[in-house]
Amino acid sequence: MKKSFRIGVIYISLMVSIQLSAQVDYEPILIKSGYTGGWITNKAKLVHLIPGYTNPDDGRDDFTRYGTYKYLRTDSTGFFYVKKINGRWWMVDPEGYAGINMAVTSFTSSSIQNDYDIIKKNAYNGSGNFLASEGQTKTGYNMQNYVKFSFTRRLNFFSSYKNERKNYYDTPSNVQGSSSHILVLDPKFAEYCDNLASSNVTPYVEERDLLGYFTDNEINFNQDQLRNLVKDLPEGDPSREAALNFATSKGLTAEDCIKYTSKVTEDIKTEFAALLAEHYYKTVSEAIRKYDQNHLILGSRLHGRPRFIPAVVQASHRYMDVTSVNFYDRYSPADAISLEEWTGDHPCLVTEFYVKDISVFNTSQPGAGWYVNSQASRGHFYQNTCLELLQNKCYIGWHYFRFQDDPDSNKGIVSYNDKKEYTEMTAYMKQLNEQVYRLCDFYDEKDNRPQNKATDIQTFTAVEDTWVSLGSSNTSNYGSDAELEVCYNAAEINRREAYFKFDLSSVKDKLPYLKHAEFEVTCTSGDIAGRSLFASGIEDMSWDEFTLNGNIRSTNDDWKNGYNRLDFVKSPIVATCYSFNVTNWIFDHSGEDKMSFKLHELVSATNALKFASKENANENYRPKLVLTFWESASKIVTPNSKKEPYSISLNQTSGILNIDGDPPFQAKIFTSFGQIVLNTQKNENNFSNFEPGVYIVKINLENGLTQTSKILKQ
């Protein structure tokens, strides 16, 4: 009766093709750079064709809730940072796990939960640039979901300054707002950057899920700049004077610069471009670091000609934590940006790339990306690009541009009009993304995962379950019902939620060796219409199946809110078994005896779905947890295996928050929204007046690291 909703027809077809084509090490791909140009054949490296590599089907079990590598942990700071481990650069998440940042750009402000669910399903772990609102990942997704996405902000130091410069200097109209005149040598530019950082960085210093800041987008640090600044700016202009001073040092006159005579060699042009880049990166780095020591500085998203000037790239490497690059004009990263001489020994991030299917629109499609002739070839292009980046070992990730098609260009993962997913392409995205850490280990000739097999599978039936009819006026209890009801409706009185509790005390010692966990429920009465069914983790396990009701639920934020969403099913719900991946939740709570979950919906419906309870006459239908363990001899760094210097607890009766450890220390307490509510150096703190909910406690340690803990106030 059990049915899997995680492998579609496209993915099954893909696995069949894997077996048929394993005798070659690449897939031919037809590609062209323009709509009217001729097709050429290129080689696409694909995951299933890598010589000597075995394709696993359980790669996602390696993921933490941040989508990082469960079996590679280092120091945690409470924020993202980069670190070189065993010869490879990694993005390290706030909890100390190393990973690869796989993101998608350009989400709209509508349907944000559904859009992020699509990329989560395809094993992405972040959102990139060009969000409708740069805070929407935090406000629209990460607050509700236990599986987190990193997100970014863009500060636009130069692109905003060029529009304001006329307020400080006499600037010709053809230069005002120009992207062809890089005016960063102005004395006013540094002051402007400091002011911008003060107002645009300071509010986000404590954002835990913020990967970092892009400083700008695609600045033209190119060979035209010496001529442009001398030719187009008036005498006495500070940027013109700086350019002329440089020219004079090279034995050049203003006339040489304006006409680019033969005296102005290519080396001189690129040296001046590099001077601009050096000054820009140093200035913006100092401005950000003055106000924020926590987050990564991700660079200016190099592109085009600046990307091919080594000294410009090196300036980015020197001052940016990560060098970001947009990649379109070459088919293969191995032709340019994945060369060792380009990356050096510095962490890098591809922040834009895409490819278009020529058949989606019957005309030329705007945008710099290449054309292919099928959605499957778009998937091949994706895999080839990402595999070459992984082989370099300096790339901490990539951001695919973009989530949704433009009205006239097939750039997205979903179509423009109806957001229909291009599954022939995303099957290849999903395959690579899920295996990314196995691929890193393969290329690094290491295996960070446990070496033995995970053959110990144990099943647990719920020890308590019930459902509630929402609303403070609903005092009925349904703990003895054989069926549990679930429904979301515009009217609160018509909403239903189901609660489940499992006793895992018999395997508590084995939980740190958990490989995979499935929460299974059986639908007894469904709906052929599409539903949106979520399983969430419950921190507060004090509820009782014979007392919980709508009134009691309404007084407890942990039971009431839709936080800690773990997994979902979006489809018609029929009478069958449904499984939800709850691995991260149980792994992260491995020190606890019991686990609690809630089944609820997000989309309004008229009739309640029904699921078998532990009282159901058919034992096979009862809710259960199926746990798969590694052998206990496995070497696994678990969330609870690193001793923290401070013990943090909250007495629910007295409301006293205890921070046990040797003073002096500085602790900050934040809401789950990121708002600071308490700054303390005391061991005992009165927390009784704060609202119920989840809070984050952050303590700065002497070694420069940060201890971060979570508490629940009831």
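Atoms considered below: every heavy atom in the structure, side chains included; atoms not considered: hydrogens, waters and symmetry mates.
- The closest donor-acceptor contact from the side chain of Thr77 to the backbone of Phe79 lies under 3.5 Å.
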Worked check of side chain to side chain contact (heavy atoms under 4.5 Å, CB included) between Val147 and Leu566: CA-CA 6 Å; Val147 175; Leu566 305 176; 5.7 Å; no
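- A side-chain donor-acceptor contact under 3.5 Å links Asp216 to the backbone of Ser159.
- For residues 177-201, every residue pair satisfying the salt bridge (Lys or Arg N to Asp or Glu O under 4.0 Å) rule, not counting sequence neighbours, is listed here: Arg165-Asp186, Lys188-Glu191, Asp194-Lys290.
- Among Pro333, Ser338, Cys348, the one residue that satisfies the side-chain contact (heavy atoms from CB on, under 4.5 Å) test with Thr343 is Cys348.
- With hydrogens and angles disregarded, a donor-acceptor distance shorter than 3.5 Å links the side chain of Asn294 to the backbone of Val205.
- With hydrogens and angles ignored, the 3.5 Å screen pairs no side-chain donor or acceptor of Asp406 with any backbone N or O of Ser409.
- Ring planes of Tyr161 and Phe158: tilted class, angle from 30 to 60°.
- Below 30°, between 30° and 60°, or above 60°: for Tyr400 and Tyr382 the angle between ring planes is above 60°, a perpendicular geometry.
- Side-chain contact, Asn679 with Gln666: a donor N or O sits under 3.5 Å from an acceptor N or O.
- Partners of Lys120 by salt bridge (charged side-chain N to carboxylate O under 4.0 Å, His left out), not counting sequence neighbours: none found.
- Between Phe534 and Phe580, the ring center distance fails the sub-6.0 Å criterion.
- Using modelled atom types, one side-chain atom of Lys70 and one backbone atom of Asp61 make a donor-acceptor pair closer than 3.5 Å.
- The residue from Asn658, Asp660, Val697, Ile669 that alone fulfils the side-chain contact (heavy atoms from CB on, under 4.5 Å) condition with Ile648 is Val697.
- Side-chain contact check for Asp117 versus Tyr141: some heavy-atom pair is nearer than 4.5 Å.
- In terms of the side-chain hydrogen bond (donor to acceptor under 3.5 Å, both in side chains) criterion, residue partners of Glu95 (sequence neighbours excluded) are, by chain and number, Arg65.
- The main-chain N or O of Val201 is never found under 3.5 Å from a side-chain atom of His295 such that the two would form a donor-acceptor pair.
- The salt bridge (Lys or Arg N to Asp or Glu O under 4.0 Å) pairs that include a residue from residues 97-114 number zero, where partners must be two or more places apart or lie in different chains.
- The main-chain N or O of Asn195 is found under 3.5 Å from a side-chain atom of Ser199 such that the two form a donor-acceptor pair.
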Candidate pair Gln652 and Asp540, rule side chain to side chain contact (heavy atoms under 4.5 Å, CB included), full reasoning: CA-CA 12 Å; Gln652 301 291 346; Asp540 187 345; over 6 Å; no
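- Annotation: side chain of Ile337 is in contact with side chain of Tyr395 (closest heavy-atom distance under 4.5 Å).
- In this structure, the ring of Tyr280 has its center less than 6.0 angstrom from the ring center of Phe221.
- Applying the salt bridge (Lys or Arg N to Asp or Glu O under 4.0 Å) test to pairs two or more places apart or on separate chains, those with a residue in residues 146-163 are Arg153-Glu207.
- Judged as a side chain to side chain contact (heavy atoms under 4.5 Å, CB included), and not counting sequence neighbours, the contacts of Asn220 are Ser179, Ile182, Asn222, Gln225, His303.
- When side chains are defined from C-beta on, Tyr563 does not count as touching Asp558, because their heavy atoms never get closer than 4.5 Å.
- No donor-acceptor pair closer than 3.5 Å links the side chain of Asp292 to the backbone N or O of Ile288.
- The backbone N or O of His279 lies less than 3.5 Å from a partner atom in the side chain of Thr283, making a donor-acceptor pair.
- At distances below 3.5 Å, not a single donor-acceptor pair connects side-chain atoms of Ser180 with backbone N or O atoms of Ser178.
- Under the 4.5 Å side-chain criterion, counting only non-hydrogen atoms from C-beta, Ile659 is in contact with Thr680.
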Verdict with reasoning, Met91 to Val322, per side chain to side chain contact (heavy atoms under 4.5 Å, CB included): CA-CA 10 Å; Met91 171 201 69; Val322 176; over 6 Å; no
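- Aromatic ring pairs are classed by plane angle as parallel below 30°, tilted from 30° to 60° and perpendicular above 60°; the pair Tyr695 and Phe687 is perpendicular.
- Asn122 places a side-chain heavy atom less than 4.5 Å from the side chain of Glu421.
- Side-chain contact between Ile118 and Phe403 is present, with at least one heavy-atom pair separated by less than 4.5 Å.
- Ring geometry for Trp342 versus His317: interplanar angle over 60°, hence perpendicular rather than tilted (30 to 60°).
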Name each donor-acceptor pair under 3.5 Å that joins a side chain in residues 99-107 to protein atoms two or more places apart or in another chain, with its distance.
unit_1, atom_1, unit_2, atom_2, d
Asn101, OD1, His399, NE2, 2.7
Asn101, ND2, Ser150, OG, 3.1

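- With sequence neighbours left out, Asp321 forms a salt bridge (charged side-chain N to carboxylate O under 4.0 Å, His left out) with Arg289.
- The salt bridge (charged side-chain N to carboxylate O under 4.0 Å, His left out) search around Lys682 returns none, not counting sequence neighbours.
- Remark: aromatic rings of Tyr213 and Tyr204 are distant, center separation not under 6.0 Å.
- For Glu278 and Tyr319, the side-chain atoms include at least one donor-acceptor pair closer than 3.5 Å.
- Scanning both residues, Ala336 and Arg307, for their nearest heavy atoms gives CB-NH2, 4.4 Å.
- Taking the centre of each ring, Tyr328 and Tyr354 come in below the 6.0 Å mark.
- No more than 12 heavy atoms of other residues, nucleotides or ligands sit less than 6.0 Å from atom NZ of Lys282.
- With a 4.5 Å cut-off on side-chain heavy atoms, Gln113 and Phe568 do not count as touching.
- Annotation: side chain to side chain contact (heavy atoms under 4.5 Å, CB included) contacts of Ser324 (sequence neighbours excluded): Phe214, Arg301, Thr351.
- At most 12 heavy atoms of other shown residues, nucleotides or ligands fall within 6.0 angstrom of atom OH in Tyr416.
- Aromatic ring centres of Phe149 and Tyr116 lie closer together than 6.0 Å.
- Trp90 is linked by a side-chain hydrogen bond (donor to acceptor under 3.5 Å, both in side chains) to nothing, counting only residues two or more places apart in sequence or in another chain.
- Side chain to side chain, Tyr281 and Thr215 fail the donor-acceptor criterion of an N or O pair below 3.5 Å.
- In this structure, the ring of His600 has its center no less than 6.0 angstrom from the ring center of Tyr488.
- In this structure, Lys83 forms no cation-pi arrangement with Tyr81, as its terminal cationic atom is not both closer than 6.0 Å to the ring centre and no more than 45° off the ring axis.
- Looking at Tyr71 and Tyr437, their side chains never come closer than 4.5 Å, going by heavy atoms from C-beta outward.
- Not counting sequence neighbours, Glu684 has no partner by the salt bridge (charged side-chain N to carboxylate O under 4.0 Å, His left out) test.
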Candidate pair Asp345 and Lys84, rule side chain to side chain contact (heavy atoms under 4.5 Å, CB included), full reasoning: CA-CA 9 Å; Asp345 187 17; Lys84 192 174 184 180; 2.9 Å; yes
